[in-house]
Amino acid sequence: MKPTDISNPDYLHKVVDCQWACPAHTPVPEYIRQIAAGDFSTAYMINWNSNVFPGILGRVCDRPCEPACRRGRVDAEPVAICRLKRVAADFKDDIRDRLPRPPEKKNGKRIACIGGGPASLTVARDLAVQGYQVTVFDSGSSPGGMMRSQIPKFRLPDSVIDEECGYVEHLGVELRQNHWIGSLREVLASDWDAVFVGTGAPRGRDADLPGRNQAAAHIHVGIDWLANVAFGHVTAIGKRVIVLGGGNTAMDCCRSARRLGGEDVRVVVRSGFEEMKASPWEKEDALHEGIPIHNFLVQKAFTHDHGRLTGVLFEKVRAEYDDKGRRSLVPTGEPDVHMECDDVLIAIGQENAFPWIERDIGLEFDRWGLPVLDAQTLQSTLPRVFFGGDAALGPKNIITAVAQGHEAAISIDLFCRGLPLTQRPAPTMNLVSQKMGIHEWSYDNQVSEEARRKVPVKSIEEALKDIKSEFELGYDFKLACAETARCLNCDVATVFKPKLCIECDACVDICPTECITFTRNGEEDELRGRLKAPSHNTEQALYVAEGLKTARVMVKDENVCLHCGMCAERCPTGAWDMQKFQVNIAQAGAEA
C-alpha cells in the first residue's frame, strides 16, 4: 500500500466519523470539549457557524452523526451528540455580540430567497455577511417554514425558532412574512441578481382508496393537519385515531393526537418495525406514550356509514426478498383486518409542489416533478435560479437543508461574481500537537466507561395535558458533563513520524485495541488479513507510514483506534504524537 497522505483534509476528516457523517460537518468533538469546560457560548457558536440552528437541531435533528459515532463500536450506544447540542443552546449566554457583522457597504447584489425555512435562512445568513442584500419571502406570519408548521410544539417550542431565526434577521436580512409568491416569472422580472427556492415539500400524499371521498370530513392529510394544530386551527380529535404511515411525520401525528384527546391512537405501517422510516427514538417515544404500532398491514378501504367514518380495512402482507435483496410485500392470504376509528391521519409521504413556477420560462423539471439541477452547484436550467432543501432533491431533513443552503450560497456568490460554479473553495485544515510536556496533554483522554445518560422527560400524565408543553427537559449541567466524558476525542489524531521510530514495539504492546502493526508492506486485501488484529471493515482506512530502518511499514487500523493517546505516551522517542485536527469547511466568500 502507498503511504497515507494525512495532509489531505478528507483523510483525517473521515476518521472523525461523527463530523464526516453530519451533512453540515459540525465539529462535534470540539464543541463537546467546550461543554465539558463549561464554555457553553463557545460551544454554541461552533455549532452556529456550521449548522445555523443549534437549539432547533439539538431537539429535532435526525442525528446522522450518532450512528457513525466511534463510541458505538465499543459501547452499546453512541454519545448523545444531538442532546449535547441542545445543552450548548440552553446554557449559553447572550451571544449576539459574537455574531458576525455584515459590511456597512453592500456589494450591490440583490438576492431573493423564496420560502422561510432552514435552507433559505442558511443562504441568507451566509450571503448577508458577504455584503449581499438578501430578502426572504415567506407565506407564514413568522419565519421557520416547516420547522414551525410541521414539528409539534411539544418537541420544538416557538421560542427556540424565534430566537434562532432572529439571529439571521439580526444580520440585516429582510424577512417579508405573509408574502405569497404566485409567479416565478414575476420574481425574475424584478431585477434580482439571483433567486433561491427553498419552499420545502409542502404537499402530503393522500390515500386514494374506496370511501375516501365519502368519509372525507374525518380523514386528514398528516402535514396539513399538523400545520392546523400548530396554528391553533385544530384543537381536538376523536377518541379513536388511526395514523397511516411509518415516518417521523406519522410519529408526530400520533403523539399530537394523544394530546388532543385521542385515547385509542394506533399507527399502522406497511413495512416491518425495523424497516420503518421513523427514527428509532421517535418510535420509542410513541411507544412510551402508549401508542401501539401495527406492522405489515396495507390499507385497502375506508369504511363509513352514510358518510360517517367507521374504520379502515387492511390487508395482511409479508416481506419477501429476491436474490438482489429487493423487497416485495406479498399478501399472506389471511382474512382482512378491520380497525374501527373516528379519525384517520394520513402520513405516507410528502411531495414537492411548484404550481407557482411557470413551465414555459426555461426551468426544466424531471418526470417526478423535481427541478433539473446540477447536483453539486444546485443551479437550475435557469442560470440565476438555485434550489435547496426539500425543494431541491426531495424530502430529507433540517440538517441536509442547512448543508444544501451552504452549497447554494457558495454557488450564488460565485455566480454573482462571474466565476465558474465548479471552482468551489476547498476545505483547509490544521494539525496542532496537544503535547504540553513529557506526560502532559492539553486534552483529557480518560474516557468514561459509563453508559449513555437518559434525557429527563416529563411524566406522561403531565405531558399529555398540554400539546405545547415541551416533553424533553434536556440535560442539566451534571448530566451534560457526565455525557461529554464519553466522547473519544476522535479529532485528536494519532500522527506517526517514522524517522523518530526505533521499532521497539512499545506502542504495539500498550495499544488496548491492538490496532498498530509493524509489518512488511503488501496489497491492501492481503495486508488487512495479517495485521495483529485483522481488519475487515474496508470502509475505514488503514494509516500506512513507511521510512522505517527495517523497511517495514507501520499500519494502524483507523476503525478500532480509540484515540486514547497511550501509544504517544508510551513512545520513548516521540515518534507518536497526538495532534488536534481542525477542518475548515468553506462557505460563501471563502475564496474571495
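Counting begins at 1 with the first residue of the sequence.
Remark: side-chain polar atoms of Arg530 are paired, donor with acceptor, to backbone N or O of Arg520 under 3.5 angstrom. Side-chain N or O atoms of Glu483 include one that pairs as donor or acceptor with a backbone N or O of Ala80 at under 3.5 Å. Looking at Ser535, its side chain never comes within 3.5 Å of a backbone N or O of Arg528 through a donor-acceptor pair. Formation of a donor-acceptor pair under 3.5 Å by the Ser380 side chain with backbone atoms of Leu373 is not found in this model. A donor-acceptor contact shorter than 3.5 Å is absent between the side chain of Tyr543 and the backbone of Ile516. Remark: side-chain polar atoms of Thr377 are not paired, donor with acceptor, to backbone N or O of Ser411 under 3.5 angstrom. With hydrogens and angles disregarded, no donor-acceptor distance shorter than 3.5 Å links the side chain of Ser448 to the backbone of Ala485. Panel note: side chain Gln350, backbone Ala201; a donor-acceptor pair is recorded below 3.5 Å. The closest donor-acceptor contact from the side chain of Gln379 to the backbone of Phe386 lies at 3.5 Å or more, if one exists at all. In this structure, the side chain of Thr26 does not engage the main chain of Asn47 through any donor-acceptor pair within 3.5 Å.
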Kindly indicate, with the supporting measurements, whether the criterion salt bridge (Lys or Arg N to Asp or Glu O under 4.0 Å) is fulfilled by Lys283 and Asp285. CA-CA 5 Å; Lys283 295 187 287 186; Asp285 286 342; over 6 Å; no
Apply side chain to side chain contact (heavy atoms under 4.5 Å, CB included) to the pair Phe53 and Thr122, showing each step before the final yes or no. CA-CA 9 Å; Phe53 305 106; Thr122 300; 4.0 Å; yes
Side chain to side chain contact (heavy atoms under 4.5 Å, CB included) between Leu527 and Met1, worked out: CA-CA 8 Å; Leu527 184 59; Met1 293 184 65; 3.8 Å; yes
Apply side chain to side chain contact (heavy atoms under 4.5 Å, CB included) to Val447 and Leu562, showing your working. CA-CA 10 Å; Val447 179; Leu562 297 179; over 6 Å; no
Test side chain to side chain contact (heavy atoms under 4.5 Å, CB included) on Met339 and Phe314; report intermediate values, then the result. CA-CA 8 Å; Met339 294 186 186; Phe314 296 96; 4.0 Å; yes
Can you list the steps and then say if His406 with Asp126 is a side chain to side chain donor-acceptor pair (under 3.5 Å)? CA-CA 7 Å; His406 287 315; Asp126 287 2; 2.6 Å; yes
Please report the C-alpha distance between Lys239 and Asp342 in whole Å, then the side-chain angles of each, then the deciding distance to 0.1 Å, and finally whether the salt bridge (Lys or Arg N to Asp or Glu O under 4.0 Å) criterion is met. CA-CA 7 Å; Lys239 292 185 177 181; Asp342 303 308; over 6 Å; no
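Atom CD of Glu340 is surrounded by 12 or fewer heavy atoms from other residues, nucleotides or ligands within 6.0 Å. For CD of Glu449, the number of neighbouring non-hydrogen atoms (other residues, nucleotides, ligands) closer than 6.0 Å is 12 at most. The environment of CG in Asp5 is crowded: more than 12 heavy-atom neighbours from other residues, nucleotides or ligands sit within 6.0 Å. For Lys532, the NZ atom is densely surrounded, since the number of other residues' heavy atoms within 6.0 Å is greater than 12. Arg453 CZ: more than 12 foreign heavy atoms inside a 6.0 Å radius.
The residues Arg155 and Glu282 are annotated as salt-bridged, a charged nitrogen and a carboxylate oxygen being separated by less than 4.0 angstrom.
Taking the side-chain hydrogen bond (donor to acceptor under 3.5 Å, both in side chains) definition, one finds that Arg212 meets it with Asp206, sequence neighbours left out. Phe387 meets the ring pair (Phe, Tyr, Trp, His ring centres under 6.0 Å) test with Phe354; sequence neighbours excluded. Applying the side-chain hydrogen bond (donor to acceptor under 3.5 Å, both in side chains) criterion to Gln582, with sequence neighbours excluded, gives Asn584. Residues forming a side-chain hydrogen bond (donor to acceptor under 3.5 Å, both in side chains) with Arg255 (at least two apart in sequence, or on another chain): Glu289. Residues that satisfy the ring pair (Phe, Tyr, Trp, His ring centres under 6.0 Å) test with His304, not counting sequence neighbours, are absent from this structure. For Phe196, the ring pair (Phe, Tyr, Trp, His ring centres under 6.0 Å) criterion is met by no residue, not counting sequence neighbours. Every residue two or more places apart in sequence or in another chain that forms a salt bridge (Lys or Arg N to Asp or Glu O under 4.0 Å) with Glu407 is listed here: Arg424. Asp525 pairs by the side-chain hydrogen bond (donor to acceptor under 3.5 Å, both in side chains) definition with nothing, not counting sequence neighbours.
Scanning both residues, Leu488 and His563, for their nearest heavy atoms gives O-CB, 3.6 Å. Between Met554 and Leu548, the shortest heavy-atom contact is N-CD1, 3.9 Å. Closest approach of Ala257 and Ile237 over heavy atoms only: O-CG2, 3.7 Å. Closest heavy-atom contact between Leu421 and Leu414: O-CD1, 3.7 Å. Here the closest non-hydrogen pair linking Gly238 and Asp343 is N-OD2, 2.9 Å. Between Ile348 and Arg205 the shortest heavy-atom distance is CG1-O, 3.8 Å.
Contacts classified as side-chain hydrogen bond (donor to acceptor under 3.5 Å, both in side chains) and involving residues 390-403 (residues at least two apart or in different chains) are given here: Asp62-Asn397, Asn397-Thr400. For the salt bridge (charged side-chain N to carboxylate O under 4.0 Å, His left out) condition, the pairs that include at least one residue of residues 356-377, sequence neighbours left out, are Arg185-Asp360. Applying the salt bridge (charged side-chain N to carboxylate O under 4.0 Å, His left out) test to residues at least two apart or on different chains, the pairs with a partner in residues 309-325 are Lys316-Glu334, Arg318-Glu320, Asp322-Arg326.
Between Ile346 and His220, the closest side-chain pair of non-hydrogen atoms is not below 4.5 Å. With contacts defined as side-chain heavy-atom distances shorter than 4.5 Å, the pair Asn51/Ile399 qualifies. Inter-residue side-chain proximity for Cys341 and Val312 is flagged as met; some heavy-atom pair is nearer than 4.5 Å. Taking the side chain as every heavy atom from C-beta outward, Val330 and Val317 never approach each other to under 4.5 Å. Using a 4.5 Å heavy-atom threshold, the side chains of Arg258 and Ile291 count as touching. Taking the side chain as every heavy atom from C-beta outward, Asn8 and Thr4 never approach each other to under 4.5 Å. In this structure, Thr422 and Gln376 have side chains that are in contact, with non-hydrogen atoms separated by less than 4.5 Å.
With Arg83 as reference, Glu472 is the one residue of Glu66, Glu77, Glu472 to meet the salt bridge (Lys or Arg N to Asp or Glu O under 4.0 Å) rule.
Cation-pi check for Arg259 over Phe154 is met; the charged atom lies under 6.0 angstrom from the ring centroid and within 45 degrees of its normal.
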Only distances under 3.5 Å count here; give the side-chain donor-acceptor pairs of residues 12-22 to other protein atoms, sequence neighbours excluded, each with its distance to 0.1 Å.
from	atom 1	to	atom 2	distance (Å)
Asp17	OD1	Arg70	NH2	2.7
Asp17	OD2	Arg73	NH2	2.7
Asp17	OD2	Gln540	NE2	2.8
Gln19	NE2	His25	O	3.4

